[in-house]
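In what follows, chains carry the letters A, B, and so on, assigned in the order in which the sequence lines appear, proteins first and then strands, with residues in each chain numbered from 1. Predicted model, so just to flag it, every value in this text is computed and none were measured.
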There are 2 protein chains.
Amino acid sequence: MTHNTKDYGNLMRERGFRVTPQRQLILDVICASGNHTTPEAIYKRVQAKFPSVNLATIYRNLDFLCELRLVVATQIGRKMYYEIAGESPHHHLVCRNCNKIEQIDHTNMKTLFNKVEREQDFTVDMDHITLFGLCAKCRQKTRRV
Amino acid sequence: MTHNTKDYGNLMRERGFRVTPQRQLILDVICASGNHTTPEAIYKRVQAKFPSVNLATIYRNLDFLCELRLVVATQIGRKMYYEIAGESPHHHLVCRNCNKIEQIDHTNMKTLFNKVEREQDFTVDMDHITLFGLCAKCRQKTRRV
DNA sequence: ATTCTTATTGCAAAAACTTGCAATAAGAAA
DNA sequence: TTTCTTATTGCAAGTTTTTGCAATAAGAAT
Ligand SMILES: [Mn+2]
Ligand SMILES: [Mn+2]
Ligand SMILES: [Zn+2]
Ligand SMILES: [Zn+2]
């Protein structure tokens with residue numbers, strides 16, 4: 001239950017939720033998978049260790065873990081992807097043409113968030129945003145068509 | 001077929017696609033609905049005028065119109081919302097607590113996009129982003145708990 | 001240890017969305 | 001106008017995600 005540096009068990013209990021074997025397994029699997037895993041993939045890996053876990057439980061807990069901010073979600077194309085929420089937020093750039101995924105540092109985002117907070121008195125609070133556009137290579141290709 | 005200021009018919013034909021009654025109806029309905037409408041609502045309103053249109057056609061065309069950038073989509077909670085892509089891009093702030101929706105001007109976003117383009121050589125190209133966080137009122141409430 | 005409360009689960013059914021395919025109809029060409 | 005090509009549609013089946021509900025089991029209280 002203690003992955004990376006976080007004690008997930010306590011983070012849940014502190015907030016009044018229960019720590020079930022299903023939740024532990026799902027977290028373990030997402031952790032082990034590294035980056036951007038689909039519900040279906042998570043389900044299969046969970047089942048390999050504990051076949052009786054139901055797919056509905058996977059979906060419910062992915063929602064749950066996202067609400068607790070222990071896991072972050074992204075939609076790319078028509079699929080959802082989940083990954084462990086790291087120590088510090090990170091964001092993505094996805095190329096509409098070649099689907100390459102780059103990262104953006106949080107500091108650039110933070111600058112925007114601060115501006116919005118000053119100007120509109122709204123505290124933006126997102127630790128995993130995906131921005132779409134064109135990577136350097138595809139921009140050149142696309143120009144000359 | 002000419003809504004607001006855009007001639008949707010030509011925008012489609014120019015790019016090699018066909019202008020079908022279904023597409024016209026769907027655009028009409030989204031236009032008339034004003035802001036942030038769900039596929040189901042669009043389907044019902046289309047059906048009221050033309051009952052034989054199939055739900056699959058609605059979904060396929062919502063995708064299609066988004067790809068052509070005539071329509072923009074957002075996911076809020078677990079629902080998708082569609083609206084006409086206006087003259088100039090606009091973005092939203094959604095409060096996680098009270099679900100109030102505010103707007104952000106594109107200029108603030110553009111500043112971020114420009115920075116990303118300079119620093120990472122990636123052209124961000126989004127005209128409808130939704131950022132989540134806490135509005136002024138909910139921030140105060142939530143503090144004192 | 002045992003009892004109690006109720007959050008969480010599995011299951012089955014429902015709802016939401018996607019896809020393959022043959023029939024249809026836009027729109028270009030003749 | 002008529003013919004021709006093929007993008008688009010409706011339909012039915014498939015896949016993915018959500019939901020209601022009774023049974024289960026975390027974890028607090030005794
Ligand atoms: Mn990520
Ligand atoms: Mn909008
Ligand atoms: Zn690219
Ligand atoms: Zn609020």
**Request:** Taking only the side-chain heavy atoms of A:T57 (C-beta and beyond), determine which of D:dT9, C:dG10, C:dT8 contains the nearest atom.
**Result:** C:dG10
**Prompt:** Quick one: A:F17 CZ to C:dT9 C1', roughly how many Å, whole number?
**Reply:** 16 Å
**Request:** Send over the distance from A:N61 CG to C:dA7 P, rounded to a whole Å.
**Result:** 15 Å
**Position toward the 5' end of DNA chain C (nearest nucleotide), A:G16 or B:A56** = A:G16
**Request:** Please determine which of B:H106, B:H90, B:H91 meets the ring pair (Phe, Tyr, Trp, His ring centres under 6.0 Å) test together with B:H128.
**Result:** B:H90
**Prompt:** Can you find a donor-acceptor pair, distance only, under 3.5 Å between B:R60 side chain and D:dT9 base?
**Reply:** no
**Prompt:** Between B:Q22 and D:dG10, is there a side-chain N or O to OP1/OP2 distance below 4.0 Å?
**Reply:** yes
**Message:** Tell me if the centroids of the rings in B:Y59 and B:Y43 come within less than 6.0 Å of each other.
**Reply:** no
**Prompt:** So what does B:E40 hit on the nucleic acid, given a heavy-atom distance under 4.0 Å: a base, only sugar-phosphate, or nothing?
**Reply:** nothing
**Complete:** Taking C:dC11, C:dA16, C:dT9 as options, the one with an atom nearest any side-chain atom of B:Y59 is C:dA16
**Asked** Do A:N10 and A:D7 pass the side-chain hydrogen bond (donor to acceptor under 3.5 Å, both in side chains) test, and can you show the C-alpha distance, the side-chain angles, and the key distance before you say yes or no?
**Response** CA-CA 6 Å; A:N10 275 336; A:D7 181 347; 3.1 Å; yes
**Fill in**
Testing C:dC11, C:dT9, D:dG27 for proximity to the side chain of A:R13, the answer is D:dG27
**Asked** Checking all strands, does A:L55 fall into the base, sugar-phosphate, or nothing category for heavy-atom contacts under 4.0 angstrom?
**Response** base
**Request:** Starting at atom CG of B:N10, determine the distance to atom C1' of C:dG27, rounded to an integer number of angstrom.
**Result:** 13 Å
**Item:** Whole-Å gap separating C1' (D:dA28) and CZ (A:R18)
**Value:** 9 Å
**Asked** Nearest-Å distance, OH (B:Y43) to P (C:dA16)?
**Response** 12 Å
**Message:** Using whole Å, what does the distance between atom P of nucleotide C:dA16 and atom CG of B:N54 come to?
**Reply:** 15 Å
**Request:** Compare all side-chain heavy atoms of B:E102 with those of A:F122 and state whether any distance is below 4.5 angstrom.
**Result:** yes
**Asked** How close or far is atom P of D:dT8 from atom CG of B:L25, stated in whole angstroms?
**Response** 17 Å
**Asked** C:dC11 C1' sits how many Å from A:Q47 CD, rounded?
**Response** 14 Å
**Fill in**
By salt bridge (Lys or Arg N to Asp or Glu O under 4.0 Å), A:R96 pairs with (sequence neighbours left out) B:D125
**Request:** Report yes if at least one side-chain N or O of B:T20 is closer than 4.0 Å to OP1 or OP2 of D:dT9; otherwise report no.
**Result:** yes
